[in-house]
2 protein chains.
Amino acid sequence: MQSSKVMPIARLSLHDETVARLRTMITEGDLLPGSRIAERELCDRFGISRTPLREALKVLASEGLVELLPHRGARVTRLSEVELRDAFEIVATLEALAGELACRRIDEAALAHIEAVHLRMAEHYRRAELAEYFACNQIIHEAINRAAGNAQLTEMYALVSNRVRRARYMANHSPERWAAAMREHEEILDALRRRDGKACGPLLRAHLEHKLYTLTDGNVAP
Amino acid sequence: MQSSKVMPIARLSLHDETVARLRTMITEGDLLPGSRIAERELCDRFGISRTPLREALKVLASEGLVELLPHRGARVTRLSEVELRDAFEIVATLEALAGELACRRIDEAALAHIEAVHLRMAEHYRRAELAEYFACNQIIHEAINRAAGNAQLTEMYALVSNRVRRARYMANHSPERWAAAMREHEEILDALRRRDGKACGPLLRAHLEHKLYTLTDGNVAP
DNA sequence: AACTTGCATATTGAATGCAATCCTCGAAAG
DNA sequence: CTTTCGAGGATTGCATTCAATATGCAAGTT
């Protein structure tokens, strides 16, 4: 039993809980792109009625994670290579902005946190532990976003990056590219330390653009 | 009458229609920020039941146009000055990206269209016709976004700029600022003509940042 | 044999009903 | 006179029901 003091009866609406749950299932790959979403099945699985489920599907559709086909149900969105490129162009720009703003607004505690995670990431890189590396990587990018002190930016970043989250495992992680990514992270961190927003933004943007290149193997025109 | 081949009997769901209608009402100021949205009243007004209306409200909440208070209904979102600044930072960055991409991808027809609207806008400027000027202004910004050839960017731009659309009339339009805005538009158009993305992006960003300044009278730190 | 055509079934879209929660307003206590 | 409490009504959240549309299959036609 949870303490009623720290857990204010945790009463999230079924609707909100369903949105969060489905979103995680999609971004984490439990529901694969292109797969049909049967209302009835999910209702049974979640133990809820169709009303909150359908509300959740509409919200996820507006986030671009699912597509609603009139009278034919919902599918998990599948991005084309061009759409993947388009999303990355946006993510790269948003993160550049986040880095630039973070240089203005970050405090020492947040910077120290990023440095600590960076060290852990470097260690995972040395040991070639991909999943752990990605986890640290994502923590750093999210920390930079938070440090930017712009809640809407964090929201937009999450919105677009959710669409391409699954793609990160598709990347062709050559040792050379991985080494370059680590160097880029060093530079980014350094720019943050110097509070050099004019440098930090472009560095982050280039970093993300390189990542896109590894994802598509250069198949998509910029 | 349209050909029955190309128009398969326009059938939009009540839900989608309601989203569009409510969104317009909010961005155009028919529903004022902070005002309560009574489900029942809108149902009667639209002649629909609560189900599609509630679905629409959830979607608009995910777009940030309304806030849902658990068991207490919906209100039209009211942005603080800081949130207005945050939104503008994002819009400025997105539009800079749009301008940069447009320089790569715009064709002559789209450029000619922008030039035509620009001339109309200049004429409205000379006659000091504010509403008409704004209309042209918005058409140009939307055209640049479309010319970027990134559907998700257009979508994100609309998402964030919808939140601040109403604010444009709050701007302190001094003659000096208005003249400067026109000069900036000239420069932006010129960069587009030259396909100079490296110049066009920053010009657009600066243009939007100046606009924010006129909105807040410099009250908000950058 | 392949292609329509019509009907039965399944699924989605929207409306209604019911229980839980919140707000109003007045009365009573301090 | 102000504040607290609570009953009644209104509103929301969710489940259920009804209606509209699509899918699948079988029979009939060419």
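Side chains included, hydrogens not; waters and symmetry mates left out as well; all remaining heavy atoms used. Model, not experiment: these values are computed from the prediction. First the proteins, then the strands, lettered A, B, ... as listed; each starts at 1.
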Quiz item: Quick check: does any side chain N or O of B:E39 sit under 3.5 Å from a backbone N or O of B:L53, one acting as donor and the other as acceptor?
Solution: no
side-chain contact (heavy atoms from CB on, under 4.5 Å) filter on B:T154, not counting sequence neighbours, yields B:N145
Sorted by chain and residue number, the side-chain contact (heavy atoms from CB on, under 4.5 Å) partners of B:D44 (sequence neighbours excluded) come out as B:R40
Sorted by number, residues from residues 59-67 of chain B placing a heavy atom under 4.0 Å from DNA chain D are none
With sequence neighbours left out, the residues meeting side-chain contact (heavy atoms from CB on, under 4.5 Å) with A:L14 are A:I48, A:P52
Applied to residues 131-160 of chain A, the ring pair (Phe, Tyr, Trp, His ring centres under 6.0 Å) test, sequence neighbours excluded, yields A:Y133-A:W178, A:F134-A:Y169, A:F134-A:H173, A:H141-A:H185, A:H141-A:H207
Distance-only donor-acceptor hits, side chain of residues 24-33 of chain B, under 3.5 Å, sequence neighbours excluded:
| from | atom 1 | to | atom 2 | distance (Å) |
| --- | --- | --- | --- | --- |
| B:T24 | OG1 | B:A20 | O | 2.9 |
| B:T27 | OG1 | B:R23 | O | 3.1 |
| B:T27 | OG1 | B:T24 | O | 3.4 |

In whole angstroms, the gap separating P of D:dT11 from CG of B:D44 amounts to 11 Å
Those residues at least two apart in sequence (or on a different chain) that pass side-chain contact (heavy atoms from CB on, under 4.5 Å) with B:A96 are B:R205
Sequence neighbours excluded, the answer for salt bridge (charged side-chain N to carboxylate O under 4.0 Å, His left out) partners of B:E115 is B:R193
From CZ of A:R40 across to P of C:dT9 the rounded distance in Å is 16 Å
Per-nucleotide protein contact along nucleotides 13-19 of chain C, 5' to 3', at a 4.0 Å heavy-atom cut-off (B base, S sugar-phosphate only, - neither), is BSBBB--
